[in-house]
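To start, the structure under review is shown below, and the notes come after it.
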Amino acid sequence: MATKAELAGQLAVVAGFENPQAALEQYPTPPELAAHVVHVADLNDDIQGRTVVDLGAGTGMFTLGAALRGPERAVGVEIDRDALEVARENRRRVGTRTEIHWVQADATRAPIRPDGPTTVVMNPPFGAQSGNEHADRAFLATAAEVAEVSYSVHNAGSREFVEAFAADNGGEVTHAFAAQFDLDRQFDHHAADRREIDTEVFRIEWS
């Protein structure tokens, strides 16, 4: 099995968004962050032999990272057709042989019901845009519907919200850890060419 650093290296070839949409908060997930989350999931036996679903898959970073760790299958759900086209190209770059299904759909409307053990890995919108606060709530609701366990990336300071949401929806946060999100400038409202965002990752078991 590849180490976390080796997995990050494999994911370094994954291309980001060609025309990112601010309304969808389309920021590329750094390969180091994806490798870290997938590695933790693998150590908890939440990848191998399971269906892994990436909600809001973007160009496929989490989908492909999970696919490289031996799941039964991987599913990337993304509403943006252009992003899915890039994701398909990224699969060829990464070279995984795992069965992958790319689904163009709204990830907040539970478009799939996988059979068997299912894990969700996702980097949902943080709700940073005005009028879109707590956009990650709907993604967590989908995870609660389709999976036994989920891993999700949120803005730092989200623990109280995530724990309360999980408790209200039959879930329990079992792991939480901080992670850094390096973000390059890609929208006009970004003042700096590069900034570091503090995030938190949560593992939730859903009943």
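As the structure is a prediction and not an experimental result, all values here were calculated from the model.
Other residues, nucleotides and ligands contribute over 12 non-hydrogen atoms within 6.0 Å of the CG atom of Asp168.
Here the two rings, on Tyr151 and His175, have centers that are 6.0 Å apart or farther.
Remark: side-chain polar atoms of Asn90 are paired, donor with acceptor, to backbone N or O of Ala15 under 3.5 angstrom. In this structure a side-chain-to-backbone donor-acceptor pair under 3.5 Å is missing from Asp54 to Gly76. Here the side chain of Thr119 pairs no donor or acceptor atom with the backbone of Ser150 at under 3.5 angstrom. When atom types are taken as modelled, the side chain of Thr118 and the backbone of Gly116 share a donor-acceptor pair closer than 3.5 angstrom.
With values rounded to the nearest 0.5 angstrom, Thr174 atom OG1 is found 7.0 Å from Asn44 atom CG. Note: Gln48 CD to Asp46 CG = 11.0 Å, rounded to the nearest 0.5 Å. Thr142 OG1 to Arg137 CZ: the interatomic distance, rounded to the nearest 0.5 Å, is 13.0 Å.
Annotation: ring pair (Phe, Tyr, Trp, His ring centres under 6.0 Å) contacts involving residues 76-97, sequence neighbours excluded, are absent. Legend: salt bridge (Lys or Arg N to Asp or Glu O under 4.0 Å) pairs involving residues 144-161, not counting sequence neighbours, sorted by first then second residue: Arg50-Glu148, Arg113-Glu145, Arg159-Glu163.
Residues Arg81 and Leu84 are not in side-chain contact: their nearest non-hydrogen atoms beyond the backbone lie 4.5 Å or more apart. Residues Ile197 and Asn155 meet the side-chain proximity criterion, which asks for heavy atoms closer than 4.5 Å. By the 4.5 Å heavy-atom criterion applied to side chains, Phe177 and Val40 are counted as neighbours. Between Leu64 and Arg93 there is no side-chain heavy-atom pair separated by less than 4.5 Å.
Closest approach of Ala66 and Pro71 over heavy atoms only: O-CD, 3.1 Å. In plain terms, the two heavy atoms of Glu78 and Gly56 that are nearest each other are OE1-C, 3.4 Å.
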Quick one, Leu7 with Arg69, criterion side chain to side chain contact (heavy atoms under 4.5 Å, CB included). Give me CA distance, side-chain angles, the key distance, then yes/no.
CA-CA 9 Å; Leu7 180 59; Arg69 284 297 176 93; 3.9 Å; yes

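Paired with Leu68 under the rule side-chain contact (heavy atoms from CB on, under 4.5 Å), one option of Thr96, Ile47, Val38, Asp42 passes, and it is Thr96.
Every side chain to side chain donor-acceptor pair (under 3.5 Å) that His154 has, sequence neighbours left out, goes to Asp136, Ser152. Under the side chain to side chain donor-acceptor pair (under 3.5 Å) criterion, Arg73 pairs with Thr51, sequence neighbours left out. Qualifying side chain to side chain contact (heavy atoms under 4.5 Å, CB included) partners for Ala34, counting only residues two or more places apart in sequence or in other chains: Leu11, Thr29, Met61, Phe62. Checked against ring-ring contact (aromatic ring centres under 6.0 Å, His included), His39 has no partners two or more places apart in sequence or in another chain. For Arg109, the salt bridge (Lys or Arg N to Asp or Glu O under 4.0 Å) partners are Asp106, not counting sequence neighbours. In this view, Asp45 satisfies the side chain to side chain contact (heavy atoms under 4.5 Å, CB included) rule with no residue, not counting sequence neighbours. Ser207 pairs by the side chain to side chain contact (heavy atoms under 4.5 Å, CB included) definition with nothing, not counting sequence neighbours. Applying the side chain to side chain donor-acceptor pair (under 3.5 Å) criterion to Glu172, with sequence neighbours excluded, gives no partner residue.
The pair Lys4-Glu6 fails the salt-bridge criterion, with no side-chain N (NZ, NE, NH1 or NH2) lying under 4.0 Å from an Asp/Glu carboxylate O.
Side-chain heavy-atom separations under 4.5 angstrom define the hydrophobic clusters, and the remaining members of the one that includes Ile112 are Val53, Leu55, Val75, Val77, Val103, Val120, Met122, Phe139, Leu140, Val146, Phe161, Val162, Phe165, Val173, Phe202, Ile204, Trp206. Hydrophobic clustering, defined by side-chain heavy atoms of Ile, Leu, Val, Met, Phe, Trp and Tyr closer than 4.5 Å, leaves Val86 isolated from every other such residue.
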